[in-house]
Every structure is written in structure tokens, then in C-alpha cells.
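So the structure is just underneath, and the comments pick up after that.
Residue numbers begin at 1 in each chain, while the letters A, B, ... track the order of the sequences.
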Amino acid sequence: MNEAIANQLSWPFREAERVAARLKEKGKTSALFETGYGPSGLPHIGTFGEVARTSWVRRAFTELTGLPSRLLAFSDDMDGLRKVPDNVPNKDMLKAFLGKPLTQVPDPFGTHSSFGAHNNARLRSFLDSFGFDYEFASSSDYYLSGKFDNALLHVLARHDEIVEIIRPTLGPERRATYSPILPIHPRTGIVMQVPIEKTDAQAGTVVWTDPETGVRFETEVTGGSAKLQWKADWAMRWYALDVDYEMSGKDLIDSVKLSSAIVRALGAEPPVCLTYELFLDENGQKISKSKGNGLSVEQWLKYAPPESLAQFMYHAPQRAKKLFFDVIPRAADDYINGVVTARTSADPYGEPAWHIHAGDIPENAGSPIGFTMLLNLASVINADSPEMLWGFIRAYIPDATAEKYPFLAQLIQYAITYNQDFIAPNKKYRAPTELERTGLKDLQARLAAGFDEYPGETAAEKIQNMVYAVGKENKFTPLKAWFDCLYQVLLGQAEGPRFGGFVALYGVDRTIALISTALAREAAAV
RNA sequence: GAGCCUGUAGCUCAGUGGUAGAGCAUUCGACUUUUAAUCGAAUGGCCGUGGGUUCGACCCCCACCGGGCUCACCA
């Protein structure tokens with residue numbers, strides 16, 4: 001093993017070491033990583049976090065051991081439809097299919113063979129959009145094809161033992177009826193949550209009674225004629241597939257504990273598990289969809305690149321973190337700084353950027369300018385086009401082009417969007433005084449007439465000198481008041497960029513229009 | 001009831017047993033024709049409280065106090 005890796009302490013490597021130890025103990029030569037998805041709801045920011053984090057552990061495992069591995073994205077699409085979701089069409093149609101496996105429910109969107117298939121497709125396209133390396137698995141496929149049969153028969157043989165593991169954790173009502181085995185009703189197709197009256201390990205069947213009709217059935221547990229209740233299902237999956245690693249949120253701590261106990265009852269060792277903390281909103285309160293607090297993947301990616309979201313997910317998974325808008329710029333800058341650090345560090349394995357880029361940081365990753373600075377700049381010059389930002393950036397970095405700094409080019413787009421959505425709408429434009437009206441009209445007229453007569457090598461310098469001339473000739477005292485006027489009346493802010501450079505990049509015609517707007521605004525107010 | 005996270009500068013937070021850190025805010029300075037996203041510096045800390053381990057504790061252990069979250073129906 002590489003000494004540098006052995007000595008370094010980043011959490012993906014620590015986790016990878018645990019996986020390596022498990023494999024060594026079991027004599028395995030490849031590792032299976034799993035991430036699981038509930039059937040209800042669409043992929044969200046937590047989904048991204050879980051797959052990204054698992055991928056980092058997997059990559060660290062590769063670096064550490066050189067052994068092959070797989071990442072299985074497992075969808076529990078055989079679960080029964082419990083309630084009609086709010087956010088889908090054709091709700092009335094769905095009512096008729098309550099209780100049936102999601103892969104047996106028609107797709108309310110009408111685009112896929114079933115509701116389950118629809119959600120699976122959404123999940124896969126979500127994961128694909130980030131370029132994750134994974135294999136998709138459908139629970140229904142596994143049940144129906146018989147891949148789980150051996151494990152299911154094993155669960156049947158240990159049925160009573162498993163019941164005794166779960167039973168103490170249940171409320172009195174459920175305690176009376178609980179079984180890890182949920183037969184599919186042979187006539188209605190509904191996933192039945194009923195008392196199991198008899199188990200026959202030899203025949204591979206369970207006996208139960210339909211509570212509505214009183215009809216008794218003997219159902220095979222194999223071949224998709226039955227499925228398992230959640231905790232037993234998770235355990236059986238670990239057992240059947242020999243899963244080596246799976247992480248989950250702290251809301252599943254008890255499930256991990258119980259599923260692990262079930263796996264042991266089946267005679268196997270549970271996988272290496274990691275519990276991560278959930279996200280909070282900016283006030284440290286829980287995130288709930290009804291309140292609309294927190295942040296969606298779409299919102300994040302509208303204002304910053306995916307690398308910044310990955311950076312946020314990398315840091316301290318076992319710590320509860322506030323996830324709200326203001327953390328985005330910092331995450332972006334942490335990433336940008338991390339790229340530099342990872343390139344120059346003697347121990348790149350400890351750097352988030354190493355993990356985010358799967359050990360191979362592209363030549364053109366990173367940015368010569370921080371994101372926070374770009375946001376400030378975009379705000380100050382009220383940027384509404386990439387050209388404006390490039391123009392100001394070149395004052396500091398003459399060779400700055402999109403070709404040379406493609407990541408900076410992306411950041412510029414994000415900064416413009418940010419400015420348009422958050423800064424521009426909140427600008428407070430002051431009405432000009434009489435003196436200022438005169439000065440602005442003068443400036444407008446001179447811009448329209450041309451400014452070649454003023455000293456300076458460039459248009460920016462000529463305009464700059466003209467602006468000073470206007471201020472002096474109109475007797476602004478102190479002269480600073482003239483510039484305060486330009487920023488407060490034209491740009492809606494206390495301070496701003498050098499005005500000559502601003503006009504040159506913003507455009508003479510647009511500046512003239514900007515002045516007209518300001519003058520009209522004052523007139524309307526009077 | 002059970003479990004998890006958290007308490008460090010005014011604010012938001014890093015901190016891997018060995019000199020207490022960053023960003024923002026504040027103040028001062030540099031640059032600029034008295035206007036710039038900038039640059040430099042300063043200020044700011046019983047690291048929640050009390051014990052313990054250690055040559056040495058923000059860090060490890062115990063107790064307590066404060067702030068949150070999760071699970072006890074389903075997944």
C-alpha cells in the first residue's frame with residue numbers, strides 16, 4: 001500500500017480502509033457499493049450528496065487496493081403505492097392502484113411503462129447529468145427474475161427469528177400483525193401487510209388470510225409473488241448481493257441497526273455503513289418541503305457550477321450543515337482554492353479537489369479569480385453580459401479569455417445570473433437634484449456628440465476625462481458629489497467602477513438610454 | 001423515551017494531541033484627476049462550564065448547561 005495514502009486521514013480513505021478490511025476478512029477480491037432510493041419522491045440534493053460521497057469512497061478504495069468495484073444504484077420500485085403524490089397528473093387514475101407495486105402502476109405522466117419505470121428514468125437521468133459511474137438496479141426486476149430467491153428462502157427459514165428482532169421496536173398494533181414477508185395478493189396485485197399464519201420453509205410458502213374476503217391463500221415467497229418489508233428487504237438485499245458498503249442519513253440509524261441484526265440472523269456480516277447528518281436551513285431548522293426552506297439542486301446549479309456543490313458535500317458528512325443560498329459562493333471559492341492546493345500539495349489525497357475530480361484534476365480546472373470577487377464585480381458594474389465582465393477582468397489579467405479559462409467563463413455566466421436575479425431587482429435608484437439633472441443632460445449630449453476631442457489613448461480614458469470635465473464645468477463641489485450622483489442615480493448603488501471604463505464596456509448608446517431612464521424616473525416622481 | 005449533531009473573534013464557520021485560524025464586518029493605509037471588483041495592515045478569543053488522562057488538550061474521556069435534529073406509523 002502507498003505510504004502517502006496509508007498516512008492520510010481524509011474521510012473517503014478512512015472509509016475505504018474499512019471496506020478493504022472487510023474484504024480481507026471475507027477473502028473477497030472485489031467490492032460492491034450500494035446506494036438506495038425510496039420509491040416516493042424524485043431525486044433531490046440529498047440524492048446527489050449520497051451518490052457523490054459513495055463515489056469518493058469507491059475511488060479511494062480503488063486507489064488504496066487496486067481492486068475492482070461496482071456501484072449499484074438500487075431502486076425499491078416494488079414497494080406499494082401508499083398514497084397519491086401531490087405533484088403528478090391523473091391523480092384519480094392512480095387511486096385505483098393504491099397498494100400495488102410501483103412497477104404495476106400506470107405512469108401518470110404517460111411516458112413510461114409504469115410509475116416505477118418513470119421514477120427510475122428520472123433518477124437515472126439525474127445521476128447521468130453529473131456523470132456518475134454506476135449500475136442501475138430495479139428491485140422489481142430482481143424479485144421477478146429470481147435473483148433474490150435463495151435469500152428469500154433463507155429469510156423464510158429464519159422467519160420467527162427475524163420477527164423477534166423487529167417486534168420490540170414496533171407499536172402495539174403493528175406488533176400483532178408484523179411479518180417481514182409481504183405477499184402480493186394473487187387476485188388484486190396489492191402488496192399485503194397481513195399476519196402470516198404459517199410458514200413452510202420446505203415448500204417456500206406462507207399462509208395468510210385476506211382480511212376483506214376471509215379467503216386464505218398460500219403464497220410462494222419467491223419469484224416476485226411476495227416482497228419483504230423495508231428493514232428486512234434492506235437486510236436481504238445486503239445478504240443476497242453481498243453488499244460491502246452503504247451510507248445513509250441519520251434518520252435511518254435504527255434501520256441500519258435492525259437490518260444489520262437481520263443480516264447476522266441470516267448468518268452474514270452487514271456491510272460497512274456510514275451515517276451522515278441531514279441538512280438544516282439557515283436558522284438551523286429542519287428542511288421541509290411545505291415550508292420551502294432549504295435549497296434544491298436546480299437552485300444551486302443555477303448560480304454555481306456542480307463542482308461547488310460537490311465541494312459542499314465533501315466537507316464533514318457526519319456534521320449537520322446549514323444548506324441555504326449564502327453557502328454557495330463560499331463553496332465555490334473553497335473548490336477554486338482547493339484545486340490550487342491539490343495541484344501543489346505533497347499529499348493531494350487529502351484534498352477535496354482530488355476526490356471531486358476522481359484523482360485526475362483537469363488542466364483547465366480552477367479559476368484565476370474567486371467567485372465571490374466575481375459576484376462583487378458583477379454587482380458593482382451591474383453586469384448583464386459576459387463581455388462586460390471580461391473587459392474589467394482583463395484590466396487585471398490581460399490574457400483572460402474563455403478559451404484559456406473555460407471554468408472562469410462558466411463562473412462569469414453564473415455571476416451574471418446571480419446579479420440579474422438578486423442584485424439588479426433590489427437596486428434603489430435615487431432621484432437626481434436639479435443640478436444633477438443639468439449635469440446628466442450635459443453628459444448625455446456630449447456622449448451623443450462624440451468624445452474624440454478629449455485626451456486619452458483609449459475610449460475609456462477619453463470618456464473618463466469627459467466625465468470629469470462635465471462635473472467641473474457644472475460646478476459640482478466637491479467633485480466627488482458628481483460621481484456619487486452617477487452611481488446613486490444611474491446604477492442604484494453607493495459606489496461603482498471608474499465611469500469611463502464602465503461606459504466603454506457597457507456601451508455609449510446604452511449609457512445614453514440609462515440616463516434617459518433616470519431623468520424620466522425623476523419626472524414621473526414629480 | 002432512545003439516538004445523532006452542535007457550542008471557537010461582532011457574524012458565518014475551519015481547526016488532523018505540540019505558537020488560536022479564514023471570510024465578512026470595523027478602523028487605518030496604498031492605488032486612483034476627490035469615483036473601482038482591488039492590495040496591505042490593525043483591532044478583535046477564559047475555544048460553553050467543571051473535572052479527568054497527558055510532559056502538553058479547542059482536540060481524547062466523564063459530568064453538567066445551552067442550541068438543534070432524527071426515530072419511535074411507513075419507507
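Between A/Arg498 and A/Glu461, no side-chain nitrogen of the basic residue sits less than 4.0 Å from a carboxylate oxygen of the acidic one, so the salt-bridge criterion is not met. One finds no salt bridge joining A/Glu17 and A/Arg14 here, because no Lys/Arg side-chain nitrogen approaches an Asp/Glu carboxylate oxygen to under 4.0 Å. Using a 4.0 Å cut-off between a side-chain N of Lys or Arg and a carboxylate O of Asp or Glu, A/Glu34 and A/Arg237 qualify as a salt bridge.
Per the geometry, CD belonging to A/Glu282 stands 17 Å off C1' belonging to B/rC69, to the nearest Å. Here the C1' atom of nucleotide B/rU34 and the OH atom of A/Tyr468 are 6 Å apart, to the nearest Å. Nucleotide B/rA75 holds its C1' atom 13 Å from the CD1 atom of A/Ile166, rounded to whole Å. If you measure from atom CD of A/Gln193 to atom C1' of B/rC73, you get 9 Å, rounded to the nearest angstrom. Rounded to an integer number of Å, the gap from A/Gln311 CD to B/rA14 C1' is 12 Å. For A/Lys231 and B/rC73, the NZ to P distance is 8 Å, given to the nearest whole Å. A/Asp254 has its CG atom 13 Å from the C1' atom of B/rA75, to the nearest Å. Atom CG of A/Asp334 and atom P of B/rG15 are 11 Å apart (whole Å).
Residue contacts shown for A/Arg82 are limited to sugar-phosphate atoms, with no base heavy atom under 4.0 Å away. No contact: A/Ser379 has no heavy atom under 4.0 Å from any strand. The residue A/Leu252 sits close to a base: some heavy atom pair falls under 4.0 Å. No contact: A/Lys321 has no heavy atom under 4.0 Å from any strand. As judged by a 4.0 angstrom heavy-atom cut-off over every strand, A/Phe502 is placed among residues making no nucleic acid contact. When heavy atoms are screened at a 4.0 angstrom cut-off, A/Leu280 is found touching the sugar-phosphate backbone but no base atom. Here A/Glu173 lies out of heavy-atom contact (under 4.0 Å) with every strand. Among the heavy atoms of the strands, none lies under 4.0 Å from A/Asp326. Using a 4.0 Å heavy-atom criterion, one finds that A/Lys322 contacts the sugar-phosphate atoms exclusively.
Of the listed residues (A/Tyr454, A/Phe483, A/Trp482), just one forms a ring pair (Phe, Tyr, Trp, His ring centres under 6.0 Å) with A/Tyr468, and that residue is A/Phe483.
Figure legend: A/Lys250 and A/Tyr276 shown without cation-pi pairing, the cationic atom not lying both under 6.0 angstrom from the six-membered ring centre and within 45 degrees of its axis. The cationic atom of A/Arg174 (NZ for Lys, CZ for Arg) does not lie both less than 6.0 Å from the six-membered ring centre of A/Tyr178 and within 45° of the ring axis.
Partner assigned to B/rC73 is none, using Watson-Crick or G-U wobble distances below 3.5 angstrom. Under the Watson-Crick or G-U wobble criterion, with both distances below 3.5 Å, B/rC13 is paired with B/rG21. Summarising the base pairing, B/rC39 is matched to B/rG29 through a Watson-Crick or G-U wobble pair whose two defining distances lie under 3.5 Å. Base pairing of B/rA63: its partner is B/rU49, meeting the Watson-Crick or G-U wobble criterion (both donor-acceptor distances under 3.5 Å).
Taking atom C1' on both B/rG15 and B/rA22, the two are 10 Å apart, rounded to the nearest angstrom. Between the P atoms of B/rG7 and B/rG56, the separation comes to 25 Å (whole Å). Using atom C1' as the reference point in both B/rC5 and B/rC13, the two lie 15 Å apart (nearest Å). Here the separation of B/rU32 from B/rC39, taken at their C1' atoms, is 13 Å to the nearest Å. Here the separation of B/rU12 from B/rU53, taken at their C1' atoms, is 34 Å to the nearest Å. Straight-line distance between the P atoms of B/rU6 and B/rC60: roughly 10 Å, to the nearest whole Å. Comparing B/rC61 with B/rU16, their P atoms are spaced 13 Å from each other, to the whole Å. Across B/rA41 and B/rC47, the matching P atoms stand 26 Å from one another, rounded to whole Å.
A/Tyr303 and A/Tyr414 have their aromatic ring centers separated by at least 6.0 angstrom. Taking the ring centroids of A/Phe325 and A/Trp300, they lie at or beyond the 6.0 Å cut-off.
Neither OP1 nor OP2 of B/rC5 sits under 4.0 Å from any side-chain N or O of A/Gln318. A/Arg319 has a side-chain polar atom (N or O) that falls below the 4.0 Å cut-off from OP1 or OP2 of B/rU6.
Relative to the side chain of A/Arg498, the nucleotides B/rU38, B/rA36, B/rG15 differ in distance, and B/rA36 lies closest. Side-chain proximity of A/His315 to B/rU70, B/rA14, B/rC5: nearest is B/rA14. You'll find that the side chain of A/Leu479 is closest to B/rU34, out of B/rA75, B/rU34, B/rC5. Of the candidates B/rC13, B/rC73, B/rC4, B/rC73 carries the atom nearest the A/Arg174 side chain, counting heavy atoms from C-beta on.
With hydrogens and angles ignored, no donor-acceptor pair closer than 3.5 Å exists between the side chain of A/Lys250 and the base of B/rC5.
Closest-nucleotide positions on RNA chain B for A/Lys480 and A/Ala320 were compared, and the one nearer the 5' end corresponds to A/Ala320. Mapped onto RNA chain B by nearest heavy atom, A/Val380 and A/Leu182 fall at different nucleotides, with A/Val380 at the one closer to the 5' end.
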